[in-house]
Amino acid sequence: MNTRSNPLELARRSVTLPTGTLELALDKGAMEADDLLGFAARANAKRGFLFLSKVLGKHWPVTPSSMLQVHDRLAATVPPVDGPIVFIAMAETAIGLGQGVFEAWLRAHPGREALFVHTTRYRVGSGDLIEFEEAHSHAPRQFLHMPEDPALRALLLNAGTLVLVDDEASTGNTFLNLTNACRRLNPGIARVHLATITNFMGREATSGLSARFGLPVSMGALVDGEYRFQPGDYVAPVEAAQRFDPDADRGASTRFGRLGLCRALNAPEHLAERLAGEFAPGATVVVLGTGEFMHAATLLGAALERRGVNVKVQSTTRSPILTWGAVSHALRFPDNYGEGVANFIYNIAPGQYDHVLVCHETAPNAALRELAGLLGARLFHFQSEAKVEEVPVR
């Protein structure tokens, strides 16, 4: 059925998943919804469905330029404000999205003061750690690190505007939990903007955000609507997805956003130039981020695309998703952060691309080499913006 030709059918959908039935009503963005998202089934007892974004670079391979266009569009939804502004991206799925929106906003507002920080499921450094909950997540504990740099800390503590970025909004609970945690640190926060690819809270809940949060809240989304989900008989496997140890060194970096950034990251142009020269004309390439380390892979992919390379970008994830609907293929492997939880890559099969490049922040380890072996990939260790080393796979 060609739903694109029938706007009424496009705006209302009923999707039967292995885990239950999802009913959708779209108010905005219906005509581009098929280009922006698909539907998948989570192996998660808390939530059996997934609005799978096709422009996020997490569960679906996407061209870097398409991702950057989405970053620009969401950055443009941030209302005009005075004073410093803080952008927070939600781990793990929306870290790359949030960092891209932050950088797009900086490009559109040169000279303005802004801070980017992303939530995480790992401890880095020894500074203050703020915990909040993403209740429906497979791994519900989230953390926000206080910046250690005095100037960045001052931005967080003195900003009047908070911009929270996630791939989708369905209840608003996680945004509210994080906002409350930030307001305990900075009571001067005067307004909140939510930037999401999809907003499925519905008209009534969206219009009631300001009353619920206790301060002005605006919403910027590419698709708006609401959903209802009726769970079926599927029983999700009981499997640990998070083993937080505050004393464990997971190899997570302090240089790419966990402790705050006030500028855009530099793309690895020299690496892209070298790699582009190695690839045969027309070769297909996919650049993979790993877990929470996503944005550097996007920047490398974008630099390759500017040089004419046929490239897609994606990332590994800890989210268990069934092979159904928008997920046609799944690979499972150990996590490279050493938590001992399963990680996955979706919609990328061995041999599908001529070249697979894996970007990682953790030191080379057996998990990364196993992933490289599954996909015939090359490993690139990003120790900093300026220092990226290719790692021997064997």
Side-chain angles (χ1 to χ4, degrees), residues 11 26-33 35-37 51 53-58 62 64-90 93-119 159-176 178-179 182 189-213 215-227 257 261-262 264 294-295 298:
L26 303 182
D27 297 322
K28 170 190 167 186
M31 295 304 294
E32 63 172 337
D35 296 326
L36 295 176
L37 78 153
F51 301 115
S53 172
K54 297 179 180 179
V55 291
L56 181 67
K58 193 63 179 175
V62 58
S65 56
S66 297
M67 293 176 65
L68 295 177
Q69 289 172 10
V70 168
H71 299 166
D72 287 335
R73 291 177 66 185
L74 289 180
T77 70
V78 178
V81 294
D82 296 322
I85 182 169
V86 173
F87 289 77
I88 302 180
M90 308 298 289
T93 304
I95 289 175
L97 176 69
Q99 200 155 5
V101 171
F102 163 73
E103 294 186 355
W105 189 89
L106 285 181
R107 288 192 298 270
H109 301 83
R112 287 289 305 275
E113 280 192 308
L115 172 72
F116 169 77
V117 63
H118 69 76
T119 69
T161 301
L162 201 58
V163 176
L164 306 182
V165 185
D166 208 348
D167 60 313
E168 59 105 354
S170 52
T171 66
N173 292 337
T174 306
F175 287 136
L176 178 59
L178 178 54
T179 297
C182 290
I189 292 172
R191 70 175 302 150
V192 174
H193 180 73
L194 309 180
T196 65
I197 296 173
T198 57
N199 167 31
F200 287 114
M201 289 190 292
R203 293 180 185 177
E204 184 176 348
T206 300
S207 64
L209 284 170
S210 296
R212 184 179 173 196
F213 279 56
L215 77 175
V217 179
S218 52
M219 165 64 76
L222 306 185
V223 174
D224 282 298
E226 58 186 323
Y227 77 92
L261 293 168
C262 61
M294 299 173 60
H295 192 55
T298 300

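We number each residue from 1, following the sequence as shown.
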side-chain contact (heavy atoms from CB on, under 4.5 Å) filter on Val62, not counting sequence neighbours, yields Ser66, Met67
Does the side chain of Val81 come within less than 4.5 Å of Arg112's, by heavy atoms? yes
Which atom names give the shortest non-hydrogen contact between Phe175 and Ala169, and what distance separates them? CE1-CB, 3.8 Å
To the nearest 0.5 Å, tell me how far Leu194 CG sits from Leu162 CG. 9.0 Å
Is there a side-chain contact between Arg212 and Asn173 in this structure, where contact means two heavy atoms from C-beta onward sitting under 4.5 Å apart? yes
Is any side-chain heavy atom of Leu37 less than 4.5 Å from a side-chain heavy atom of Ile197? no
Is Leu26 close to Val223 at the side-chain level, that is, under 4.5 Å between some pair of heavy atoms? yes
Donor-acceptor pair, Thr196 side chain versus Asp166 backbone, under 3.5 Å? no
Heavy-atom nearest pair, Ala159 first then Val86, reads CB-CG2, 3.4 Å
Quick one, Thr298 and Gln99 - any side-chain contact, counting heavy atoms below 4.5 Å? no
For Leu178 and Met90, what are the C-alpha separation, side-chain angles and deciding distance, and is it a side chain to side chain contact (heavy atoms under 4.5 Å, CB included)? CA-CA 10 Å; Leu178 178 54; Met90 308 298 289; 3.6 Å; yes
When rounded to the nearest 0.5 Å, the distance separating CZ of Phe116 from CD1 of Ile88 is 9.5 Å
Are Asn199 and Thr206 linked by a side-chain donor-acceptor pair shorter than 3.5 Å? yes
Please round to the nearest 0.5 Å and tell me the distance separating atom CD1 of Ile85 and atom CH2 of Trp105. 5.0 Å
From CA spacing to verdict: side chain to side chain contact (heavy atoms under 4.5 Å, CB included), Ser53, Val70: CA-CA 11 Å; Ser53 172; Val70 168; over 6 Å; no
For residues Ala75 and Ala104, report the shortest heavy-atom separation together with the two atoms involved. CB-CB, 3.7 Å
According to side-chain contact (heavy atoms from CB on, under 4.5 Å), who are the partners of Thr93, at least two apart in sequence or on a separate chain? Leu56, Lys58, His59, Asp167
Can you check whether Leu97 reaches Leu74 side chain to side chain, under 4.5 Å on heavy atoms? yes
Can you check whether Val217 reaches Thr179 side chain to side chain, under 4.5 Å on heavy atoms? no
So which atom in Phe87 and which in Ala114 form the shortest heavy-atom distance, rounded to 0.1 Å? CE1-CB, 4.3 Å
So, His193 versus Thr161: side-chain donor-acceptor pair below 3.5 Å or not? no
With rounding to the nearest 0.5 Å, note down the distance linking NE2 in His295 to CD1 in Ile95. 11.5 Å
Supply the atom-to-atom distance Met294 CE to His118 NE2, rounded to the nearest 0.5 angstrom. 10.5 Å
Contacts of Ala264 meeting side-chain contact (heavy atoms from CB on, under 4.5 Å) (sequence neighbours excluded), chain-then-number -> Glu103
Tell me whether Arg73 contacts the main-chain N or O of Leu68 through its side chain, where contact means a donor paired with an acceptor under 3.5 Å. no
How about CZ on Arg203, more than 12 heavy atoms from neighbouring residues, nucleotides or ligands closer than 6.0 Å, or not? no
Distance-minimising heavy-atom pair for Phe213 and Gly172: CZ-O, 4.2 Å
Worked verdict on Met201 versus Met219 for side chain to side chain contact (heavy atoms under 4.5 Å, CB included): CA-CA 11 Å; Met201 289 190 292; Met219 165 64 76; 3.4 Å; yes
Any idea which heavy atoms bring Leu215 and Arg191 closest together, and the distance? CD1-N, 3.7 Å
